[in-house]
Amino acid sequence: MKALGGWVGWLVVAALALAQLPLLPPVAPTYQLAIISLAVATQLMPTFAVLSLERPVPPARFWIAIWGLAFFLSDTSQLFISSVARQENLWFYLIANPLEDAALLMAFSYWQIRPVMRLTFRVAIPLLAFVTLAIALAFGEVNTFKTASSPFRLLLITTAVAYTFVVRLARENDRIGARDWLWTSLGVILYYSAYVVVDPVSAALLPQRPDLARLVYVVKGAV
């Protein structure tokens, strides 16, 4: 398992990206499909990194490993539904997103300095899932792009992560570069900031400009 944290992990990711590439419909240039496929596979790297660590693994790292695995399984399932089963896959987000959010919020709960904030992050898990589902149902987004519910949940999670980053940064000044919360916070903020506009922009571009809608996902994948 320790080798997964190094070049072996990247080889596994590359192999998975190549294996998933045929699942993508040939509706875009090969380099764009390769970016999307690699973006899906690289979501396993946090999981591989945690698997390579000595036991026992700190709880925050464990939940980050679950988070990365949940993202990979979610995207792989969506590729299977759309490309192999030839069915619409936008409904699957209502199942996958709460699981991804739960793992991420659990991880960040362990990085809270105040016990009340640790409890707040955990209580927010079912509340966020319920409110996001309610918004999706209210706006008729069960099998469409989540133009309202997705930006809501992503902005809320990004705010929670940014709060953690600012509070920890203000309290700690020793060896910050070696802290898990620093790099995880920066990565999540970067990813979700790019992701927050994906559904609204894609919905606005389809069906007139499917090429630009696909490009949105390519850019997100590259980020």
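These values consider heavy atoms only, across backbone and side chains, with no hydrogens, waters or symmetry-generated copies.
- Of the candidates T42, I36, I35, L38 forms a side chain to side chain contact (heavy atoms under 4.5 Å, CB included) with just one, namely T42.
- For the residue pair S109 / R122, a side-chain donor-acceptor distance below 3.5 Å is found, with atom types taken as modelled.
- Of the possible polar contacts, one joining the T47 side chain to the L69 backbone as a donor-acceptor pair under 3.5 Å is found.
- Residues Y110 and P58 fail the side-chain proximity criterion, which asks for heavy atoms closer than 4.5 Å.
- Contact detail for W181 and I176: the closest heavy-atom pair is CH2-CG2, 4.0 Å.
- Hydrophobic cluster membership of L133, counting Ile, Leu, Val, Met, Phe, Trp and Tyr whose side-chain heavy atoms lie under 4.5 Å apart directly or via other members: L94, L137, V142.
- No continuous path of ILVMFWY side-chain contacts below 4.5 Å connects L99 to L104, so the two sit in separate hydrophobic clusters.
- In this structure, the separation between CD1 on I66 and CZ on R61 is 15.0 Å, given to the nearest 0.5 Å.
- Scanning all heavy atoms of the two residues, the minimum distance from D199 to S150 falls at OD2-CB, 3.4 Å.
- Residues L79 and D75 are not in side-chain contact: their nearest non-hydrogen atoms beyond the backbone lie 4.5 Å or more apart.
- Two residues are said to be in side-chain contact when any heavy atoms from C-beta on lie closer than 4.5 Å; R179 and W111 fail this criterion.
- Closest approach of A160 to F121, counting heavy atoms only: O-CZ, 3.6 Å.
- Proximity of D101 to I125: side-chain heavy atoms (C-beta onward) are nowhere separated by under 4.5 Å.
- Here the straight-line distance linking atom CZ of R175 with atom CG of L182 works out to 12.5 Å at 0.5 Å rounding.
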Residues L128, F152; criterion side-chain contact (heavy atoms from CB on, under 4.5 Å); working and verdict: CA-CA 9 Å; L128 177 60; F152 165 78; 3.9 Å; yes
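- Summarising the geometry, atom CD belonging to Q32 is positioned 11.5 Å from atom CG belonging to L24; distances are rounded to the nearest 0.5 Å.
- No side-chain donor-acceptor contact under 3.5 Å links T147 to the backbone of P200.
- Between the CG atom in N97 and the CZ atom in F92 there is a gap of 9.5 Å [rounded to 0.5 Å].
- At a threshold of 4.5 Å between non-hydrogen side-chain atoms, the residues L105 and W63 do not count as touching.
- In plain terms, the two heavy atoms of A17 and A41 that are nearest each other are N-CB, 3.9 Å.
- When hydrophobic side chains of Ile, Leu, Val, Met, Phe, Trp and Tyr are connected at separations under 4.5 Å, L127 ends up clustered with L119, V123.
- Put simply, the side chain of F139 does not reach to within 4.5 Å of the side chain of K146, judged on heavy atoms.
- A donor-acceptor distance shorter than 3.5 angstrom exists from the side chain of E141 to the backbone of A148, with no hydrogens or angles considered.
- Distance CG/L33 to CD/Q20: 12.0 Å, rounded to 0.5 Å.
- With ring centers used as reference points, Y191 lies under 6.0 Å from F71.
- A perpendicular orientation is assigned to the rings of Y192 and W67, their planes being inclined by more than 60° (bins at 30° and 60°).
- By the criterion of side-chain heavy atoms lying less than 4.5 angstrom apart, applied directly or through intervening Ile, Leu, Val, Met, Phe, Trp or Tyr residues, L44 is not grouped with L18; the two fall into different hydrophobic clusters.
- Here T132 contributes atom OG1 and F130 contributes atom CZ; the two are 10.5 Å apart, rounded to the nearest 0.5 Å.
- Looking at S52, its side chain does come within 3.5 Å of a backbone N or O of A49 through a donor-acceptor pair.
- Using a distance-only test at 3.5 Å, with no hydrogens or angles considered, a donor-acceptor pair links the side chain of T158 to the main chain of L154.
- When every heavy atom of L90 is checked against every heavy atom of F145, the shortest pair comes out as CD1-N, 3.6 Å.
- Under a hydrophobic-cluster definition in which Ile, Leu, Val, Met, Phe, Trp and Tyr are linked whenever side-chain heavy atoms come within less than 4.5 Å, directly or via other members, W183 and Y163 are assigned to the same cluster.
- Annotation for Q112 and T164: closest pair NE2-OG1, 2.8 Å, computed over non-hydrogen atoms.
- Annotation: side chain of S74 is in contact with side chain of Q78 (closest heavy-atom distance under 4.5 Å).
- At a threshold of 4.5 Å between non-hydrogen side-chain atoms, the residues F108 and I157 do not count as touching.
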